[in-house]
Amino acid sequence: MPAESQKKSPQKFDRRGLLAGSAGAAGLLLLGTWGSAEGEPHLVRPPGSVSPEGFLARCLRCDRCRSVCHTNVIGAGKLSDGILALRTPVMDFRLGFCDFCEKCAEVCPTGAIAAFDPETAKIGLAEVTDSCIALRTGACTKCHEACPYEAIDLDPRNRPIVNAEKCNGCGKCELICPSHVYQSWRGEAERGIVVRPLSAASSNEEGGSK
Ligand code: SF4
Ligand code: SF4
Ligand code: SF4
């Protein structure tokens, strides 16, 4: 065979490379959408929820917890949260806040949301964000006034400071924060105070205790 004919056709090589590249990109895209092996620890779950990876394994996406929640604080996981988290219960503090009524744990058939002690359960931890009106003007104390657990102090310039010991992540501060109303021109997605998930290290593998 002439040496010339053993050379790869540039056109064939390019096509094969393109196909391989497309498959790789599709795989990466799928992996990214599929979700993380740690079980989406960035999502805030209802009180009593087991560890993030355990939660995805146990949750049936049956919607019982969302249906029974009287404050409507439980939303549904979106595709952007990862395919595995789709339709799983995710706390959405723009819809409501949690009063630790225990109903979601009572109806969960799998123990994804386990029984918990309302006095000690923690959902997450509130964090003041760059959208907070008081950071710039000191003119808003809404979250300080609304917190049922007196977990938000004010500094001398009226800026909120979250007490991590007292905050249980109920989300009332995020619900009532008016930053999105007064600062809609800034186009901020986050409110001036938001509840972040507790770290995976402090999550409760066996759920809460009673
Ligand atoms: S404890 Fe009650 S208020 Fe809180 S998420 Fe569960 S059902 Fe909703
Ligand atoms: S009740 Fe339990 S199993 Fe059903 S969607 Fe809620 S967490 Fe998942
Ligand atoms: S989430 Fe907000 S309202 Fe609830 S305890 Fe923490 S600081 Fe207070």
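We count residues from 1, following the sequence as given. When a ligand or atom number is given, it counts from 1 through the structure's own listing order.
- More than 12 non-hydrogen atoms from other residues, nucleotides or ligands lie less than 6.0 angstrom from CD of Glu145.
- A salt bridge does not link Lys172 with Asp99: none of the charged nitrogens is closer than 4.0 Å to a carboxylate oxygen.
- Counting the atoms of ligand 2 from 1 in the order shown, those under 4.0 Å from a heavy atom of Leu60 are 3 (S), 8 (Fe).
- When each atom of ligand 1 is checked for a heavy atom of Met91 under 4.0 Å away, the hits are 5 (S).
- Inter-residue side-chain proximity for Val73 and Leu95 is flagged as unmet; no heavy-atom pair is nearer than 4.5 Å.
- The ligand atoms of ligand 3 that sit less than 4.0 angstrom from a heavy atom of Tyr149 are 5 (S).
- Among Cys62, Ser49, Gly48, Cys59, the residue whose heavy atom lies nearest to atom 1 (S) of ligand 2 is Cys62.
- A donor-acceptor contact shorter than 3.5 Å links the side chain of Thr110 to the backbone of Arg58.
- Protein N/O/S atoms closer than 2.8 Å to atom 2 (Fe) of ligand 1: Cys101 SG.
- Ion pair Arg94/Asp92 flagged as a salt bridge, since at least one NZ, NE, NH1 or NH2 atom sits closer than 4.0 Å to an Asp/Glu carboxylate oxygen.
- Side chains of Pro46 and Met91 form a contact here, defined as non-hydrogen atoms less than 4.5 Å apart.
- Panel note: side chain Thr71, backbone Phe97; a donor-acceptor pair is recorded below 3.5 Å.
- Taking all heavy atoms of Cys65, Ala76, Ala112, Ala114 into account, the minimum distance to atom 6 (Fe) of ligand 2 is reached by Cys65.
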Audit row: Leu198, Lys122, side chain to side chain contact (heavy atoms under 4.5 Å, CB included) steps and yes/no: CA-CA 8 Å; Leu198 298 171; Lys122 278 182 181 272; 3.8 Å; yes
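- Between the OG1 atom of Thr88 and the CG atom of Asp63 there is a distance of 10.0 Å, given to the nearest 0.5 Å.
- A donor-acceptor distance shorter than 3.5 angstrom exists from the side chain of His144 to the backbone of Ile152, with no hydrogens or angles considered.
- At the top of the distance list for atom 2 (Fe) of ligand 2, counting protein heavy atoms only, stands Cys108 SG, 2.4 Å.
- Set against the non-hydrogen atoms of Ile113, the atoms of ligand 2 under 4.0 Å away are 7 (S).
- When each atom of ligand 2 is checked for a heavy atom of Arg64 under 4.0 Å away, the hits are 1 (S).
- Of all the atoms in ligand 1, the ones that sit under 4.0 Å from a non-hydrogen atom of Ile74 are 5 (S).
- With a heavy-atom cut-off of 4.0 Å, Thr88 does not touch ligand 2 at all.
- With respect to Asp81 and Arg87, no salt bridge is recorded, no charged nitrogen being found less than 4.0 Å from a carboxylate O.
- Using a 4.5 Å heavy-atom threshold, the side chains of Arg159 and Cys132 count as separate.
- Scanning all protein heavy atoms for the shortest distance to atom 4 (Fe) of ligand 3 gives Cys170 SG, 2.4 Å.
- No heavy atom of Val107 sits closer than 4.0 Å to any atom of ligand 2.
- If you check which protein heavy atom lies closest to atom 8 (Fe) of ligand 3, you get Cys147 SG, 2.3 Å.
- Ser131 contributes a side-chain N or O that, together with a main-chain N or O of Glu190, makes up a donor-acceptor pair within less than 3.5 Å.
- Cys173 N, 3.4 Å is the protein heavy atom nearest to atom 3 (S) of ligand 3.
- Using a distance-only test at 3.5 Å, with no hydrogens or angles considered, a donor-acceptor pair links the side chain of Arg45 to the main chain of Pro89.
- Distances from atom 7 (S) of ligand 3 to the heavy atoms of Asp153, Val194, Ile193, Ile152 put Ile152 nearest.
- Counting atoms of ligand 2 from 1 in the listed order, those under 4.0 Å from a heavy atom of Thr110 are 3 (S).
- For ligand 3 and Gly169, the ligand atoms under 4.0 Å from any heavy atom of the residue are 1 (S), 6 (Fe).
- Atoms SG and CG, from Cys147 and Asn168 in turn, are 7.5 Å apart once rounded to the nearest 0.5 Å.
- Contact annotation for Pro89 and ligand 2: only side-chain heavy atoms (C-beta onward) come within less than 4.0 Å of the ligand.
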